[in-house]
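This report refers to the structure that appears directly beneath it.
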2 protein chains.
Amino acid sequence: MLAALDRSLISELPLFTGLAGNALDRILEPATSIRCAAGDAVFEQGEPATRFFVLLHGRLRVTQITGEGQQVVVRIINPGDLFGMAKALNRDDYPGTAMAVVDTTALAWPMEFWDDLLLAHSRLALNATQAIGLRLEDAHVRVREFATEEVERRVAHAVLRLAAQAGRAAPEGIRIDFPISKQDIASMTATTMYTVSRVLSAWQRAGLVDVGRQQLVVCDAHRLMMIGDGHERGLL
Amino acid sequence: MLAALDRSLISELPLFTGLAGNALDRILEPATSIRCAAGDAVFEQGEPATRFFVLLHGRLRVTQITGEGQQVVVRIINPGDLFGMAKALNRDDYPGTAMAVVDTTALAWPMEFWDDLLLAHSRLALNATQAIGLRLEDAHVRVREFATEEVERRVAHAVLRLAAQAGRAAPEGIRIDFPISKQDIASMTATTMYTVSRVLSAWQRAGLVDVGRQQLVVCDAHRLMMIGDGHERGLL
DNA sequence: CGGATTGTTGAGGATACTCAAGTTAGGTGG
DNA sequence: CCACCTAACTTGAGTATCCTCAACAATCCG
């Protein structure tokens, strides 16, 4: 028999604000907690969507594979984020693959509780619209970037977002808190590993970043922002 | 004194399915109806977001202007769509401009009713998450297209989407039901007017479409799909 | 230590952009 | 109803960005 999950796991998360303690308990009742080691997939593209999730600790990378086999990184999931709610997209399979980039824990609910929970807790439903709305705006920002910015600026924005969402203070600057390859950055910014490598090397020479194998430290966020916003000539 | 709005205006819309008649009446109470002539803006980017809307008739084009003055078409709003719900994005201004491309009518609610309505009608909240979720998926599709497809395929997909959402049967094929310029298509697909012109001209020569000034008829949707999915060599 | 994964760098070339110079269509006012 | 004006569109030529390909270097891991 499982120990009941404690409401303190979720009570501080934006998705659950405004909900009373006993409501949290009822929401948690059908939930189970899951663990993934780095490299494990929580779910894979095309698989029937049987559960939805809230990330507690760790970091996930959601990718999609196109018909031609190209990989696109759709989003990075950070602690507190709701994910895998295929029901909200009117789907019964997962549109992408969610893979842990570091060891990760999450809460999982059977998908049939999606409607019930939102109907029973209207504040949760309100919070969910907001959570999805924020992601929609993120997506629009990316669309706008792809539509109007050249490679170097897109990479600058992607790196700054990573620093904001998953940055950790380090002596040299802001360190991205999980292993990230040039290929990852390339498939977030619609370019190639080669170009990302060239861009980051140029930035490294200028002292803006410190790059290594699967690691990245932002040393001069302000100048990166200038490049991202087109106020400074790029270094390519 | 205004005549009350009739529930039949909205009872068939997906956003309001599952709601009882008297709930619809209560939802409509704070609503007013608005009209816009072609070319009028329902709201403009940066303006304080005082109202949210549901489109009844007509068609809107939502654009954003970047810092450098480039215009991006974020989406086309079709009848039945919810729009302008800045509250769901945690904003108090509109992130884009919604302009009528044909004469248009819509329902408008004061923004302060957003939370109240969703909390009072949990089915509405559920439907709203789904509406926003569908748009999120649309946005992801666009991101994936920008990231992996070349211009001609992006244009093919954009044209097919227009045909699906705003197509009207015509003797020669599926006519896009509102005036749309090459520049519009360019800012939906992240390219230039010049390139769109070349692409559509080539398609016209091959009999796939019939283009005119601000008008577009899809004659061979199947071959366009083949081009969009990369199964057929493009015509450029 | 060897194999695999990840990253670097150069050279060449394709896609699609920019710029320029037109043409066509629509609306407007005389 | 025609002349004009503007906005939309077309087409060509030149070119920049960034992709592709190839060869190699570095790092990790068992």
Side-chain angles (χ1 to χ4, degrees), chain A residues 37-39 61 68-73 99 101 145-156 158-159 176 178-205 209-217 227 230 233-236, chain B residues 37-39 61 68-73 99 101 145-156 158-159 176 178-205 209-217 227 230 233-236:
Chain A
R61 189 188 48 197
E68 281 99 39
Q70 282 188 83
Q71 191 181 76
V72 181
V73 174
M99 176 166 292
V101 289
E145 285 178 8
F146 283 141
T148 62
E149 297 177 1
E150 299 182 341
V151 169
E152 189 173 4
R153 294 180 55 187
R154 295 203 304 270
V155 175
V159 167
I176 308 304
F178 59 89
I180 184 154
S181 68
K182 306 284 181 289
Q183 181 58 58
D184 289 332
I185 297 176
S187 38
M188 288 185 229
T189 51
T191 182
T192 60
M193 208 191 68
Y194 312 110
T195 298
V196 172
S197 177
R198 283 184 245 269
V199 168
L200 292 183
S201 295
W203 290 351
Q204 167 120 299
R205 265 174 255 127
V209 296
D210 191 9
V211 293
R213 189 190 174 82
Q214 306 222 60
Q215 58 184 348
L216 177 54
V217 180
I227 290 175
R233 183 80 189 87
L235 302 174
L236 287 191
Chain B
R61 188 188 50 196
E68 281 97 40
Q70 280 188 85
Q71 191 180 75
V72 180
V73 174
M99 177 167 291
V101 289
E145 286 178 7
F146 284 142
T148 63
E149 296 176 2
E150 298 182 341
V151 168
E152 189 174 4
R153 295 180 55 187
R154 295 203 303 268
V155 174
V159 167
I176 307 306
F178 59 89
I180 184 154
S181 67
K182 305 284 180 288
Q183 180 59 59
D184 289 333
I185 297 176
S187 35
M188 288 185 226
T189 51
T191 181
T192 60
M193 209 187 66
Y194 312 109
T195 298
V196 172
S197 177
R198 283 184 245 268
V199 168
L200 292 183
S201 296
W203 290 351
Q204 169 126 337
R205 264 174 257 128
V209 296
D210 191 10
V211 293
R213 189 192 175 81
Q214 304 222 61
Q215 58 185 352
L216 176 54
V217 180
I227 289 176
R233 182 82 188 85
L235 302 174
L236 286 193

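Reminder, nothing fancy here: chain letters follow the sequence lines and each chain counts from 1.
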Hey, are the side chains of [X] and [Y] touching, using non-hydrogen atoms and a 4.5 Å cut-off?
X	Y	result
B:L200	B:I185	yes
A:I180	A:M188	yes
A:D210	A:Q204	yes
A:T191	A:V196	yes
A:R61	A:D184	yes

Got a donor-acceptor contact below 3.5 angstrom from the B:S197 side chain to the B:M193 backbone?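 Side chain of B:S197 to backbone of B:M193, a donor-acceptor pair under 3.5 Å: no, none is there.
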
A:R154 side chain vs A:E149 backbone, donor-acceptor pair below 3.5 Å: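 Confirmed, A:R154 side chain pairs with A:E149 backbone.
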
I need the minimum non-hydrogen distance between [X] and [Y], along with the two atoms involved.
X	Y	answer
A:T189	A:A158	CG2-CB, 3.5 Å
A:A190	A:F146	CB-CE2, 3.3 Å
A:I176	A:V159	CD1-O, 4.4 Å

In whole Å, what is the span from the CD atom of B:E152 to the P atom of C:dC17?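 The distance from CD of B:E152 to P of C:dC17 comes to 13 Å, rounded to the nearest Å.
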
Please classify the nucleic acid contact of A:A190 as base, sugar-phosphate, or nothing, using heavy-atom distances under 4.0 Å.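 Sugar-phosphate contact only.
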
Heavy atoms of chain B, cut-off under 4.0 Å: which first and last nucleotide of DNA chain D, 5' to 3', fall inside that, if you could look?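 Going 5' to 3' along DNA chain D, contacts run D:dA7 to D:dA13.
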
Rounded to 10°, tell me the angle between the two end axes of the helix from C:dC1-D:dG30 to C:dG30-D:dC1, each built from five pairs.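 Between the first-five-pair axis and the last-five-pair axis there is 40°.
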
Under a 4.0 Å heavy-atom criterion, the protein footprint on nucleotides 5-15 of chain C, written with B, S and -, is BBBBBBB----

